[in-house]
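First comes the structure, then the notes that go with it.
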Amino acid sequence: MKIFSKIMLALIFVFLIGISVAEEIIIDNGLTQAMNDCLYLENISQNQQDLRLQKIALAVDDLEYHWKENESKMCFLVNHKNIQEIGLEISKMKVYQQENDVKEFKACLDAVKFYSQSYLHFMGANLHNVL
């Protein structure tokens, strides 16, 4: 009976490690993808006065598509309220892009980058979150 308890404890421990690693990978990939999409968008819209160009519109659509795809995976692992700000900023960014409001578009882009960086820091498994 004692050996069975030790085996079960070891299996539970391995299962928890597996979940933690999977959570870290999913969150890191999703937020890194959002950050990379934002950096690409920032690069192509840097000196543009007209945001309605097809290249920028496609990049915004890609950002929105990637975020929705990754957000659906992350919602099982983290509180949705913690990551909904990125989705809201992307929605605003899309509207500002269509209205050609450069100032507000760049503000939303900066907000998405900020949220992505800060969430990468405090979400997932790390020693600071455990203690």
Side-chain angles (χ1 to χ4, degrees):
M1 185 70 172
K2 215 171 196 181
I3 190 100
F4 180 73
S5 297
K6 290 181 181 179
I7 291 172
M8 289 305 294
L9 185 62
L11 287 174
I12 291 171
F13 186 69
V14 168
F15 179 72
L16 290 175
I17 289 174
I19 288 174
S20 297
V21 168
E23 176 188 12
E24 183 67 27
I25 290 170
I26 290 170
I27 290 172
D28 188 50
N29 287 344
L31 294 173
T32 302
Q33 178 72 47
M35 178 60 78
N36 290 339
D37 287 346
C38 284
L39 292 174
Y40 175 71
L41 245 172
E42 186 176 56
N43 188 29
I44 64 173
S45 66
Q46 192 169 24
N47 295 322
Q48 297 292 330
Q49 294 303 317
D50 188 10
L51 297 173
R52 294 172 290 191
L53 298 172
Q54 183 178 10
K55 189 174 187 178
I56 296 173
L58 290 174
V60 172
D61 288 342
D62 285 345
L63 172 63
E64 182 181 41
Y65 173 77
H66 291 147
W67 178 249
K68 284 184 180 180
E69 188 176 82
N70 291 323
E71 183 183 29
S72 65
K73 296 173 192 171
M74 285 191 278
C75 283
F76 293 112
L77 303 172
V78 297
N79 188 352
H80 187 264
K81 289 183 179 183
N82 290 340
I83 57 175
Q84 76 181 6
E85 288 92 1
I86 294 177
L88 292 173
E89 290 297 326
I90 292 171
S91 297
K92 287 192 237 175
M93 184 189 310
K94 195 166 182 155
V95 170
Y96 293 137
Q97 183 263 327
Q98 292 169 351
E99 293 177 353
N100 199 30
D101 190 344
V102 177
K103 182 180 176 184
E104 293 298 327
F105 176 83
K106 292 192 179 199
C108 288
L109 187 61
D110 288 339
V112 172
K113 285 183 355 187
F114 171 76
Y115 287 136
S116 297
Q117 285 176 339
S118 62
Y119 292 165
L120 269 172
H121 178 69
F122 78 85
M123 286 187 182
N126 61 39
L127 187 59
H128 184 263
N129 290 345
V130 172
L131 299 175

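Along the sequence shown, the residues carry numbers beginning at 1.
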>> Please enumerate all residues that pass salt bridge (charged side-chain N to carboxylate O under 4.0 Å, His left out) together with Asp110, with sequence neighbours excluded.
In response: Lys113
> Is a side-chain donor or acceptor of Lys106 paired with a backbone partner of Gln46 at a separation under 3.5 angstrom?
Replying inline: yes
>> Show the nearest heavy-atom pair for residues Ile26 and Met74, with the distance to one decimal.
In response: CG2-CG, 4.1 Å
> By side-chain contact (heavy atoms from CB on, under 4.5 Å), which residues pair with Ile25, not counting sequence neighbours?
Replying inline: Val21, Asn29
> How would you list, by chain and number, every residue that makes a side-chain contact (heavy atoms from CB on, under 4.5 Å) with Val95, sequence neighbours excluded?
Replying inline: Glu99
> Roughly how far apart are Phe114 CZ and Glu85 CD, rounded to 0.5 Å?
Replying inline: 10.0 Å
>> Test question: given the 4.5 Å side-chain rule for I, L, V, M, F, W and Y, name all other residues clustered with Leu16, or answer none.
In response: Ile12
>> Please report the interatomic distance CE(Met35) to CG(Asp37), rounded to the nearest 0.5 Å.
In response: 11.0 Å
> Does Asp28 have any salt bridge (charged side-chain N to carboxylate O under 4.0 Å, His left out) partners at least two apart in sequence or in another chain, and if so, which?
Replying inline: none
> Ser116 and Ile86: which non-hydrogen atoms are nearest, and at how many Å?
Replying inline: OG-CD1, 4.0 Å
> salt bridge (Lys or Arg N to Asp or Glu O under 4.0 Å): which pairs involve residues 43-59, sequence neighbours left out?
Replying inline: Asp50-Arg52
> Which value, rounded to the nearest 0.5 Å, describes the distance between Gln97 atom CD and Leu109 atom CG?
Replying inline: 11.5 Å
>> Going by side-chain contact (heavy atoms from CB on, under 4.5 Å), name the residues that satisfy it together with Leu11, two or more places apart in sequence or in a different chain.
In response: Ile7, Met8
> In terms of hydrophobic clustering (I, L, V, M, F, W, Y; side-chain heavy atoms under 4.5 Å; direct or indirect links), are Ile44 and Met93 co-clustered?
Replying inline: yes
> Do you know the tightest heavy-atom contact between Val102 and Leu51?
Replying inline: CA-CD1, 3.6 Å
> For the residue pair Leu63 and Leu41, what are the closest heavy atoms and their distance?
Replying inline: CD2-CD1, 3.9 Å
> For Tyr40, which residues count as a side-chain hydrogen bond (donor to acceptor under 3.5 Å, both in side chains) partner, sequence neighbours excluded?
Replying inline: none
> Residues two or more places apart in sequence or in another chain: which of them pass side-chain hydrogen bond (donor to acceptor under 3.5 Å, both in side chains) with Glu104?
Replying inline: none
> So which residues get pulled into Ile19's cluster when ILVMFWY side chains under 4.5 Å apart are joined, directly or through others?
Replying inline: Phe15
>> Return the CG to CD1 distance between Asn70 and Ile27, rounded to the nearest 0.5 Å.
In response: 11.0 Å
> Sequence neighbours excluded, which residues qualify as salt bridge (charged side-chain N to carboxylate O under 4.0 Å, His left out) partners of Glu64?
Replying inline: Lys68, Lys94
> What is the minimum heavy-atom distance between Ile83 and Trp67, and which atoms define it?
Replying inline: O-CZ2, 3.5 Å
>> Going by side-chain contact (heavy atoms from CB on, under 4.5 Å), name the residues that satisfy it together with Glu89, two or more places apart in sequence or in a different chain.
In response: Lys92, Cys108, Ala111, Val112, Tyr115
